[in-house]
Amino acid sequence: MHLAFSSVAAPGLTDRDLENIRNRATARNAEAAITGLLLYQGDTFCGVLEGSRRAVFARMEVIITDPRHRAVQIVREDEIAARRFGNWTFGSLPVPPVPSGFGRAEQFLRALGERL
């Protein structure tokens with residue numbers, strides 16, 4: 001399955017916190033056969049997880065209870081025939097500024113999904 005989510009970063013999140021998130025997620029996702037990516041801009045996380053339904057929902061439970069994430073929203077979940085991020089146990093990318101008027105994280109994720 002494929003699951004897209006957004007969340008608001010806890011205030012005061014540091015570069016070290018982001019590095020810790022990336023390192024732990026890379027290792028844990030590899031163990032659980034989860035692929036995907038996490039984008040961070042301003043105070044917003046946008047992520048995509050791919051894997052078995054059980055593994056993806058277990059990872060979402062961890063994300064929802066992580067104090068570094070607030071207001072977690074599942075934007076989309078779909079059954080998929082093939083992974084889009086099959087080579088990434090966890091990719092994280094710098095994100096350019098969102099164009100004026102582009103709006104909320106959910107819109108960003110939907111637009112990203114349409115381009116993949």
Q | Within one Ile-Leu-Val-Met-Phe-Trp-Tyr cluster: L3 and I64, side-chain cutoff 4.5 Å | A |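 As far as the 4.5 Å side-chain criterion goes, I64 and L3 are connected within one cluster.
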Problem - Test item: D66 side-chain N/O and R68 main-chain N/O as donor-acceptor pair under 3.5 Å - result: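 Confirmed, D66 side chain pairs with R68 backbone.
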For residues 61-82, the ring pair (Phe, Tyr, Trp, His ring centres under 6.0 Å) pairs (sequence neighbours left out) are F45-H69
Nearest atoms (heavy-atom pairs only) where [X] meets [Y]:
X   : Y   : answer
P67 : A10 : O-CB, 3.4 Å
F5  : V48 : CE2-N, 4.2 Å
I74 : E77 : CG2-OE1, 4.2 Å
Y40 : A9  : CE1-CB, 3.7 Å

Result for side-chain contact (heavy atoms from CB on, under 4.5 Å) between L38 and one of I21, I63, L49 points to I21
Point to revise | Pairing residues for E79 by the side chain to side chain donor-acceptor pair (under 3.5 Å) criterion, not counting sequence neighbours | key: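 Side chain to side chain donor-acceptor pair (under 3.5 Å) list for E79, sorted by chain: R53.
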To the nearest 0.5 Å, atom CG of D78 lies from atom CE of M1 at 7.5 Å
Problem set entry | Test salt bridge (Lys or Arg N to Asp or Glu O under 4.0 Å) applied to D15 - qualifying residues, sequence neighbours left out |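 Partners of D15 by the salt bridge (Lys or Arg N to Asp or Glu O under 4.0 Å) criterion come out as none, since no residue qualifies.
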Take atom CZ of R83 as the centre, draw a 6.0 Å sphere, and report whether it contains more than 12 heavy atoms from other residues, nucleotides or ligands. yes
I'd like to check the side chain to side chain contact (heavy atoms under 4.5 Å, CB included) partners of D43; sequence neighbours left out, ordered by chain and number.
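For D43, the residues satisfying side chain to side chain contact (heavy atoms under 4.5 Å, CB included) (neighbours in sequence not counted) are V8.
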Tell me, please, which residues at least two apart from T14 pass side chain to side chain contact (heavy atoms under 4.5 Å, CB included).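 Residues passing side chain to side chain contact (heavy atoms under 4.5 Å, CB included) with T14: R16, D17.
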Do any side-chain atoms of residues 54-62 form donor-acceptor pairs under 3.5 angstrom with protein atoms, and if so which ones, sequence neighbours left out?
from	atom 1	to	atom 2	distance (Å)
R59	NE	N29	OD1	2.8
R59	NH2	R28	O	3.2

| request: Determine whether R70 and P11 make a side-chain contact, defined as any pair of heavy atoms from C-beta on separated by less than 4.5 Å. | output: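 Side chain of R70 against side chain of P11, heavy atoms only: contact under 4.5 Å found.
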